[in-house]
Amino acid sequence: MAPRTSRTVRTPGPATDITADAAPAATTAPASERGPVPLQEKLADRDGFVAVVELVPWRGVLDDPGGKRARIMATALATDPRVDALSVTDNAGGHPMASPEVLGRELLTAGSEVIVHVACRDRNRNEIASLGWRLASAGFRNVLCLSGDYPVEGYAGLARPVFDIDSVALLTMYSDLAAGRWPGEGSKGGHGASEVPSRPQFYLGAVVNNHKLLEAEVMTQYFKLAMKARAGAGFTISQVGYDARKDDELLKWMRGAGIDLPVLANAYLLTRGAARAFHSGRIPGCTVTDELLAVVEREGASPDKGKAYFIELAAKQAAIAKGLGYRGIYIGGAMSHEDVTRILDTAASYAPDDWRAFAREVQYAIPREFHYFEKDRATGLSSETVSRTYLRSKKRAARPPHVLRSPVAYTVNRMVHSTVFEPGTPGFQLAGRLHERAEGLHLGKALHVIEQAVKAPLYDCRDCGDCSLPDIAYLCPESQCAKNQRNGPCGGTHLGECEVPGKQCIWVRAYDRLKPWGEADAMLDRPPALTDNALRRTSAWASAFTGRDHIGKRIAAEQAARDEAGDPKGDAAEGRAG
Ligand code: SF4
């Protein structure tokens, strides 16, 4: 189980506070003129239930027919009092579309509360920072932070993705910007933080996807959610799936882990075509099982092509979400304003307890899907009892000697790392001194060649110079993760396979490697890894010994925090831990 993580909701403020000592504006305007109630405020109301509708931009400019259609629908939704916010996607599915800012600005003008998606796929960290300032300047206050789906097309060929940082690092960056921090080389304090005057106060969102087959997929999603909460997420949205027991499990797992974030439940308005695509596994992170597809095919053959059934299914999902304790519903899919109205009206027409029957009905789990909790026979949902099969498997896996259940190469890696590369150990200090001496003799380049001769065949190392092998059970994210995810898996795994077909997800493999050593649960109990591209094509061994890599910077930052607290050896922290 992840460590207890508690998030306090920030006080709603202006989108951008560009001067630290600016006086707060007097709010004398009537409520109708002050604009929409901020999403953050609505989600802070534990008795409330919000409706958010997702809009997918078109391909082209605002005055194109696609743009005009989107604007008409968006304006209708923006003025519908039942809709609390509109959420605009950022090249969803890896398809190039109009920027979410374009439609987002129209929605802001129409008086809507807007969630703008920011994905890391198409831009590096500097462009993401610029975008943050641009969004804040335009008045956006809610940002959904995503790694983004892998590109599937592009102008005159497939686009090359960026993935300079991932969703966790993006949350960290926007949280830092909100605090006026700009850490990094070139700043006044070296590895420390420099102050930046502009402090965009975004309400940051994250996505979680527990509709997965394998224990390794589900648990790593939960661990990553905990990391996202620590990195600054203020709310979360679940991914497309049609299993009420799993929806219930997510909230119960979060409660057990002490993650107090409002969650919006996904209710995707299906069509026959969408269901087939989700079922095929071609759309990352969206699950439709054989059983549900059979229902969809049957209903889809009706004269209305299943529309009434799909509307009702989404309405039932909204009712279930409310009953389970979700703070709102997130409606997605290709739909009209009328469809949204029908979903919300149908959901509102149900009796308060109807959701219990719906929750028994909407349980399209993947056959043999992992569940963290035992089933509650009375409700058909999750109990509070952790799965006995899961606990038994942990016990079995942890029985020594671990070496028998681990790949030999992995066991050797662990030994070498703990002997030579674990900061603070005598081996690390000795190796560091030897390395320093070799550098003094101008042998640094030769050592780098030797390093590559070892690491390229062993790990398919890409010489990034800021090594994450110890973070991911000695699997290289540069060569083996299509999105270079260094802080947990993206939501795109399908039956344990990578979103980009052809291999297993490295985080699934890492979980399986760590479980026998009893280390899987804590695999993401660490600060986010942000790589430094200045180290590319330099020796990662040298980076480690000189503390230039992300692990060295993390240790230095922790030491600086201890020094500032007057506890240089961390005795107080150790005392607390004990
Ligand atoms: S290896 Fe895993 S984390 Fe990386 S892109 Fe594939 S599914 Fe996502």
Side-chain angles (χ1 to χ4, degrees), residues 90-95 117 119-124 145-153 158-171 206-228 231 238-241 278 280-287 366 369-370 410 459-462 464 466-515 520 523-524 526 528-531:
D90 180 12
N91 290 353
H95 300 281
H117 296 210
C120 303
R121 169 199 47 237
D122 305 315
R123 33 180 93 88
N124 71 14
C145 298
L146 305 151
S147 291
D149 302 322
Y150 197 84
V152 293
E153 58 169 314
L158 183 63
R160 183 176 177 176
V162 181
F163 296 117
D164 179 25
I165 58 172
D166 59 19
S167 54
V168 180
L170 167 54
L171 284 160
V207 175
V208 60
N209 189 350
N210 70 341
H211 295 282
K212 302 280 183 189
L213 172 67
L214 302 178
E215 172 191 328
E217 293 175 282
V218 175
M219 295 312 295
T220 50
Q221 280 293 318
Y222 289 154
F223 301 154
K224 187 168 186 178
L225 175 61
M227 200 181 210
K228 287 177 173 178
S238 65
Q239 254 289 17
V240 179
F278 294 168
S280 73
R282 287 198 319 272
I283 312 296
C286 301
T287 302
I366 308 165
E369 181 170 339
F370 171 78
Y410 176 65
Y459 310 107
D460 197 4
C461 166
R462 297 293 162 89
C464 75
D466 197 348
C467 193
S468 270
L469 287 174
D471 293 333
I472 319 175
Y474 308 107
L475 295 162
C476 175
E478 292 273 327
S479 59
Q480 290 163 70
C481 174
K483 299 186 192 169
N484 193 12
Q485 299 286 291
R486 296 198 179 213
N487 297 300
C490 70
T493 59
H494 180 64
L495 311 179
E497 296 282 308
C498 175
E499 165 182 333
V500 181
K503 53 190 171 191
Q504 228 187 347
C505 170
I506 55 164
W507 288 96
V508 169
R509 293 175 64 199
Y511 181 92
D512 290 342
R513 285 181 172 194
L514 291 165
K515 189 174 171 184
M523 65 193 288
L524 290 177
R526 58 168 171 81
L530 271 110
T531 52

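Indexing begins at 1, ligand by ligand and atom by atom, following the structure's order. Computed from a prediction, not measured in an experiment: that's the story for all the values here.
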> Can you find a side-chain donor-acceptor pair between Q480 and D460 that sits under 3.5 Å?
no

> For atom 6 (Fe) of ligand 1, what's the nearest protein heavy atom and its distance?
C498 SG, 2.3 Å

> Could you see which bit of Q485 sits under 4.0 Å from ligand 1, with heavy atoms only: side chain, backbone, both or neither?
side chain

> Angle between ring planes, Y410 versus Y474, binned at 30° and 60°: parallel, tilted or perpendicular?
tilted

> Any N/O/S atom from C481 (main chain or side chain) under 2.8 Å of atom 4 (Fe) of ligand 1?
yes

> Looking at ligand 1, is there an atom of it that comes within less than 4.0 Å of some heavy atom belonging to T493?
yes

> Is there a donor-acceptor contact under 3.5 Å linking the side chains of T493 and E499?
no

> So, N91 side chain and G94 main chain: donor-acceptor pair closer than 3.5 Å or not?
no

> Relative to the heavy atoms of I506, which atoms of ligand 1 are at a distance of less than 4.0 Å?
1 (S)

> Among all protein heavy atoms, pick the one closest to atom 2 (Fe) of ligand 1 and tell me residue, atom and distance.
C505 SG, 2.4 Å

> Atoms of ligand 1 less than 4.0 Å from E499 heavy atoms?
6 (Fe), 7 (S)

> Strictly under 2.8 Å, is atom 2 (Fe) of ligand 1 approached by any N, O or S atom of C490?
no

> Without swapping roles, check the side chain of N209 against the backbone of G285 for a donor-acceptor pair under 3.5 Å.
yes

> Check for a donor-acceptor pair, side chain of E217 on one end and backbone N or O of K212 on the other, with a separation under 3.5 Å.
no

